[in-house]
Student: 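The structure that follows is given in the form of structure tokens.
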There are 2 protein chains.
Amino acid sequence: MKREAAEACCPPPAGKPDLRPIEGAEADEELATLCKAIGHPARVQILRLLVSKEACICGDIVEELPLAQSTVSQHLKVLKEAGLIRGDVDGPRVCYCIEPRTLRRLKALIGGL
Amino acid sequence: MKREAAEACCPPPAGKPDLRPIEGAEADEELATLCKAIGHPARVQILRLLVSKEACICGDIVEELPLAQSTVSQHLKVLKEAGLIRGDVDGPRVCYCIEPRTLRRLKALIGGL
DNA sequence: CGGTGCTATCGTGCTCCAACGATGAAGCGC
DNA sequence: GCGCTTCATCGTTGGAGCACGATAGCACCG
């Protein structure tokens with residue numbers, strides 16, 4: 001029942017300064033995609049969970065949300081497709097964690113408004 | 001055909017420091033609502049238009065977007081309901097402009113991630 | 001190798017969204 | 001008052017999104 005984990009995941013702080021433009025048609029599309037992914041309370045909650053736990057938890061997310069496992073899995077898929085989170089397989093479980101680069105990118109795009 | 005306008009609209013910079021919390025269940029809901037409103041390319045484009053033009057334009061937005069007038073009107077409604085923009089009636093036309101307070105609020109919420 | 005636990009995916013119903021054309025309401029100019 | 005312009009709203013259609021239960025795919029333990 002113990003959950004140690006937090007070993008093979010969430011490694012790279014990745015200090016790259018991001019080189020893409022902050023506005024323009026592509027940036028508009030990108031911002032819309034990211035915001036659409038965040039545009040659901042359950043997804044915001046998941047993001048907050050992954051940010052707060054510095055260690056990346058896995059299916060414990062399901063227990064935190066009042067939703068069925070399949071529904072949570074779908075939300076995770078949406079977030080992953082948007083590039084906001086990452087899922088590393090750790091044996092039988094999957095370890096999700098935020099993608100700091102995308103999060104920074106989002107903050108930059110929002111800040112550019 | 002001239003558009004002077006930019007008189008009775010977009011006035012208050014409103015230097016109030018915003019007193020609501022940056023996280024919690026309510027903040028989650030709020031962030032989701034705001035992001036959902038932004039989560040469409042056309043809406044991002046409208047926001048950018050309103051930010052760039054310091055003067056708040058009106059139905060010129062329709063001419064900037066490759067969409068029907070009714071569709072643009074709906075997007076404007078979504079943004080207005082989210083509190084991101086404001087629409088002041090100026091005679092026969094309507095003058096839309098961003099709501100700086102909400103925009104700041106959004107930046108704070110995103111920054112809190 | 002067979003079971004068990006963890007996730008992902010499938011299929012389904014329902015609701016909401018996005019786009020359009022057509023129609024209606026309000027203000028201005030003549 | 002009449003017509004014109006400008007927006008909003010209505011009604012419709014097609015396509016996503018959200019939720020669930022049921023099912024299938026793996027990795028591990030015994």
Side-chain angles (χ1 to χ4, degrees), chain A residues 1-9 28-29 32-47 49-50 56-82 84-97, chain B residues 1-9 28-29 32-47 49-50 56-82 84-97:
Chain A
M1 279 46 177
K2 300 281 186 59
R3 297 290 160 66
E4 302 286 348
E7 299 177 350
C9 184
D28 284 8
E29 199 81 32
T33 302
L34 288 176
C35 279
K36 192 175 182 181
I38 307 182
H40 193 284
R43 252 118 62 184
V44 173
Q45 213 171 335
I46 291 175
L47 280 182
L49 270 176
L50 294 181
C56 42
I57 57 184
C58 75
D60 300 341
I61 303 172
V62 175
E63 301 190 351
E64 294 281 347
L65 302 193
L67 294 173
Q69 177 264 326
S70 56
T71 305
V72 173
S73 192
Q74 268 188 188
H75 285 307
L76 287 169
K77 185 180 179 183
V78 172
L79 289 172
K80 188 162 58 180
E81 284 178 350
L84 281 164
I85 67 175
R86 197 158 31 110
D88 295 325
V89 178
D90 173 30
R93 2 182 187 276
V94 177
C95 175
Y96 284 102
C97 55
Chain B
M1 279 39 179
K2 300 282 184 60
R3 299 288 161 70
E4 303 285 348
E7 300 175 351
C9 186
D28 284 8
E29 199 81 31
T33 302
L34 288 176
C35 279
K36 192 175 181 180
I38 307 181
H40 193 284
R43 252 116 64 182
V44 173
Q45 211 170 336
I46 291 175
L47 281 182
L49 270 176
L50 294 181
C56 42
I57 58 183
C58 73
D60 300 343
I61 302 172
V62 175
E63 300 191 351
E64 295 280 348
L65 303 193
L67 294 173
Q69 177 263 327
S70 58
T71 306
V72 173
S73 191
Q74 268 188 189
H75 284 307
L76 288 169
K77 186 180 179 182
V78 172
L79 289 172
K80 188 162 58 179
E81 284 178 349
L84 281 164
I85 67 175
R86 195 158 32 108
D88 294 326
V89 177
D90 173 31
R93 3 186 184 275
V94 177
C95 176
Y96 283 103
C97 54

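These values consider heavy atoms only, across backbone and side chains, with no hydrogens, waters or symmetry-generated copies.
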Student: Can you identify which nucleotide, out of C:dT9, D:dG21, D:dT9, has its nearest atom closest to the A:S73 side chain?
Tutor: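 Selected nucleotide (nearest to the side chain): C:dT9.
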
Student: Does some side-chain heavy atom of B:V94 sit less than 4.5 Å from a side-chain heavy atom of B:D88?
Tutor: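 No. Closest side-chain heavy atoms not under 4.5 Å.
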
Student: Just do the side chain to side chain contact (heavy atoms under 4.5 Å, CB included) check on B:D60 and B:L49 with the steps written out, would you?
Tutor: CA-CA 10 Å; B:D60 300 343; B:L49 270 176; over 6 Å; no

Student: In whole angstroms, how far is the C1' atom of D:dC7 from the CG atom of B:L76?
Tutor: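 Roughly 10 Å, once rounded to whole Å.
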
Student: Hey, does the side chain of B:S73 reach the backbone of B:Q69 with a donor-acceptor pair shorter than 3.5 angstrom?
Tutor: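 No: the side chain of B:S73 does not pair with the backbone of B:Q69.
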
Student: Choosing from D:dA8, C:dC20, D:dC20, which nucleotide comes nearest the side chain of A:L67?
Tutor: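 Nearest listed nucleotide: D:dC20.
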
Student: For a 4.5 angstrom cut-off between non-hydrogen side-chain atoms, does A:L67 reach A:V62?
Tutor: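 Not in contact.
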
Student: Nearest to the side chain of A:K77, which nucleotide is it out of D:dC7, C:dT7, C:dT9?
Tutor: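 Taking heavy atoms from C-beta onward, the closest nucleotide is C:dT9.
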
Student: For C:dC20, does OP1 or OP2 lie under 4.0 Å from any side-chain N or O of B:S70?
Tutor: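 False: B:S70 side-chain N/O out of range (4.0 Å or more) of C:dC20 OP1/OP2.
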
Student: Taking CD1 from B:I46 and C1' from D:dC7, how many angstroms apart are they, rounded to a whole number?
Tutor: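 Atom CD1 in B:I46 sits about 14 Å away from atom C1' in D:dC7.
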
Student: How many whole angstroms separate atom CD of B:Q69 from atom C1' of C:dA25?
Tutor: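 After rounding, the gap between these two atoms is 13 Å.
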
Student: In whole angstrom, what separates A:E63's CD from C:dC6's C1'?
Tutor: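 Atom CD in A:E63 sits about 11 Å away from atom C1' in C:dC6.
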
Student: Do you know the tightest heavy-atom contact between A:Y96 and A:L76?
Tutor: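 Between these two residues, the closest heavy atoms are CE1-CD1, 3.6 Å.
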
Student: Between A:A42 and A:P92, who's closer to the 5' end of DNA chain D by nearest nucleotide?
Tutor: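 Comparing both residues, the 5'-ward one is A:A42.
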
Student: What's touching nucleotides 11-18 of chain D from the protein side, N or O pairs under 3.5 Å?
Tutor:
unit_1: D:dG17; atom_1: OP1; unit_2: A:K36; atom_2: NZ; d: 3.2
unit_1: D:dC18; atom_1: OP1; unit_2: A:R43; atom_2: NH1; d: 3.3
unit_1: D:dC18; atom_1: OP1; unit_2: A:R43; atom_2: NH2; d: 3.4
unit_1: D:dC18; atom_1: OP2; unit_2: A:R43; atom_2: NH1; d: 3.0

Student: Starting at atom CG of B:D90, determine the distance to atom C1' of C:dA26, rounded to an integer number of angstrom.
Tutor: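 Result: 13 Å.
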
Student: Do the side-chain N or O atoms of A:Y96 get closer than 4.0 angstrom to the phosphate oxygens (OP1, OP2) of C:dA8?
Tutor: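 Looking at the OP1 and OP2 atoms of C:dA8, one of them is under 4.0 Å from a side-chain N or O of A:Y96.
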
Student: Rounded to the nearest Å, what distance is computed from the CG atom of residue A:L65 to the C1' atom of nucleotide C:dT7?
Tutor: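 Taking CG of A:L65 and C1' of C:dT7, I get 15 Å after rounding.
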
Student: Do side-chain atoms of A:T33 reach the backbone of A:E29 as a donor and acceptor pair under 3.5 angstrom?
Tutor: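 Pair found, side chain donor or acceptor close to backbone of A:E29.
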
Student: Under 3.5 Å, side chain of B:R43 to main-chain N/O of B:H75, donor-acceptor pair present?
Tutor: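 No, because the side chain of B:R43 does not come within donor-acceptor range (under 3.5 Å) of the backbone of B:H75.
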
